[in-house]
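The block underneath contains the structure these notes are about, expressed in structure tokens.
Basis for what follows: all heavy atoms, side chains included, without hydrogens, waters or symmetry-related copies. Numbered from 1 within each chain, the chains take letters A, B, ... in sequence-line order.
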Protein chains: 2
Amino acid sequence: MPKRVDHEERRAQIAEALIQVAGRRGLHAVGMRDVAAEAGVSLRLVQYYFETKEKLLFYGLRHLTDRFTARVGARLAAAGPDPGPRATVEALLLASLPTDEESRTFHLLYSSYAILSVTDEALAAQPFIDNPDAAENALTGLLEHAQGAGLADPDADARTEAISLLAMAATMGTSILVGQRSPESAIAVLQHHLDRIFTTSGTAERVAGSS
Amino acid sequence: MPKRVDHEERRAQIAEALIQVAGRRGLHAVGMRDVAAEAGVSLRLVQYYFETKEKLLFYGLRHLTDRFTARVGARLAAAGPDPGPRATVEALLLASLPTDEESRTFHLLYSSYAILSVTDEALAAQPFIDNPDAAENALTGLLEHAQGAGLADPDADARTEAISLLAMAATMGTSILVGQRSPESAIAVLQHHLDRIFTTSGTAERVAGSS
DNA sequence: CCCTTCATGATACCGACGTACCATATTGGT
DNA sequence: ACCAATATGGTACGTCGGTATCATGAAGGG
């Protein structure tokens, strides 16, 4: 037998190529030959590791979300050990904004997949749908924890605010993507709402909030 | 010469067919032949009125936004003559939510065009980019007017709130589209923020309008 | 040592799609 | 009434993209 190669590693390499070329020319414009050229392999190889284009696209989606999850995790780790709830929330929200090339590609492709899934039931059945729910639950928990610690407005509805923050971050991400809004203004809007939800380390609410 | 036909009307008819088929199978999957079949004309006719597919797509975008603008206008008119600021804002925001087949199609296609425009500079140069700015300005003016009339929190930043409301409505529209969220929960979140911004109770516009 | 199995390359096939070309019916103007 | 411009149909052409087929190299096991 020939040099037993790691299939999973090869697949990841090819999926990476898919993400790169799709990020440049758009997901709709990507072809098997483009992916092969970008990965530096032959067309046959792409066929070998992913029998069909549909499977390649599905794997690409999974790879994309995995990479993004890892990136968010790194951002959280970079925020230091045990940061405050607000710092954690900020890190989560700002990590999803397309501020550099990698996050820009992620935002573009994730949006493309989402729009595709509306009219493609096979894609809609893929596992990327539950990701937003997880983010919503995590953010809700974070806000509730902050409320319990007296750091956030106790009268706020944590889940509603979590939904709102994620919704704003998502649309503004797209606005940044199309060049309609600057990252700075998007961050300013998010900060405005965080200022509203989190009590500003001040004296007044702290007395009422802490047991 | 043969029966001089109204070119603009024909173009509108074909563009309508484009919207219908694109709403069903996705904008990426639409072809000239599909549009021709949907419109009940020959492929040659589509070529005759739109020389190229690109021009057909551009015209379709314009037609889509025009129809949506008319729809929002109708919603506003249906809200009665001189409704209160909150009722107007509600009508604007709820009109953009994909609650029926027409708005669902609009949301899907507008999002598709927007995502396409990220990697297609010819599409990015089309006139649909300034539409969001217009909505933002209109909503900001509405909020400022409400503040002036003592109906809204005077300490709120009108433009920031306008941006936030539109952003939330947009993302939630997409969430409804992909079946991740119900229209009711989206409306509830928007109402929550309107309750926060507008100070007077729900029947304010009635009192201000009649008595 | 050779055979089997995995990995990879080159290329052919087939359908779809956008576009171009040719043809023809219809009717308004003089 | 005839010409010419307009409107519309049918169809062919070239290309591109996904998939399938054939072929070959490379190594580990009996």
d([atom1], [X]; [atom2], [N]) in whole Å:
{"X": "A:L43", "N": "C:dA10", "atom1": "CG", "atom2": "C1'", "result": "10 Å"}
{"X": "B:K53", "N": "C:dG18", "atom1": "NZ", "atom2": "P", "result": "4 Å"}
{"X": "B:H28", "N": "D:dG17", "atom1": "NE2", "atom2": "P", "result": "16 Å"}
{"X": "B:M32", "N": "C:dT19", "atom1": "CE", "atom2": "C1'", "result": "8 Å"}
{"X": "A:H7", "N": "C:dT5", "atom1": "NE2", "atom2": "C1'", "result": "12 Å"}
{"X": "B:R10", "N": "D:dG9", "atom1": "CZ", "atom2": "C1'", "result": "13 Å"}
{"X": "B:D6", "N": "D:dA7", "atom1": "CG", "atom2": "C1'", "result": "14 Å"}
{"X": "B:R33", "N": "D:dT11", "atom1": "CZ", "atom2": "P", "result": "13 Å"}

Using residues 167-177 of chain A as the side-chain source, report each donor-acceptor pair under 3.5 Å to any protein atom, sequence neighbours left out, with the distance given to one decimal.
| unit_1 | atom_1 | unit_2 | atom_2 | d |
| --- | --- | --- | --- | --- |
| A:T171 | OG1 | B:A167 | O | 2.7 |
| A:T171 | OG1 | B:T171 | N | 3.2 |
| A:T171 | OG1 | B:T171 | OG1 | 2.4 |
| A:T174 | OG1 | A:A170 | O | 3.4 |
| A:S175 | OG | A:T171 | O | 3.2 |

Does any N or O in the side chain of [X] come within less than 3.5 Å of the main-chain N or O of [Y], such that one atom is a donor and the other an acceptor?
{"X": "A:E136", "Y": "A:A162", "value": "no"}
{"X": "A:Y113", "Y": "A:L57", "value": "yes"}
{"X": "B:S182", "Y": "B:S185", "value": "yes"}

Using OP1 and OP2 only, check whether a side-chain N or O of [X] sits under 4.0 Å from [N].
{"X": "A:Y48", "N": "C:dT8", "value": "no"}
{"X": "A:T52", "N": "D:dT19", "value": "yes"}
{"X": "A:Y49", "N": "C:dT8", "value": "yes"}

- Task: Please tell me which of B:G40 and A:D34 maps to the more 5' nucleotide of DNA chain D, matching each residue to the nucleotide holding its nearest heavy atom.
- Result: B:G40
- Item | Along DNA chain C (nearest heavy atom to each residue), the more 5'-positioned of B:V30 and A:Q47 | A:Q47
- Base D:dT21 to side chain A:R44, donor-acceptor N/O within 3.5 Å cut-off: yes
- Message: Applying a 4.0 Å non-hydrogen cut-off, can you work out what A:V35 is touching in the nucleic acid: base, sugar-phosphate, or nothing?
- Response: nothing
- NA contact type, A:V46, heavy-atom cut-off 4.0 Å: base, sugar-phosphate, or nothing? nothing
- Task: Indicate the atoms forming the closest heavy-atom contact of A:P98 with A:R104, along with that distance.
- Result: CB-CA, 3.6 Å
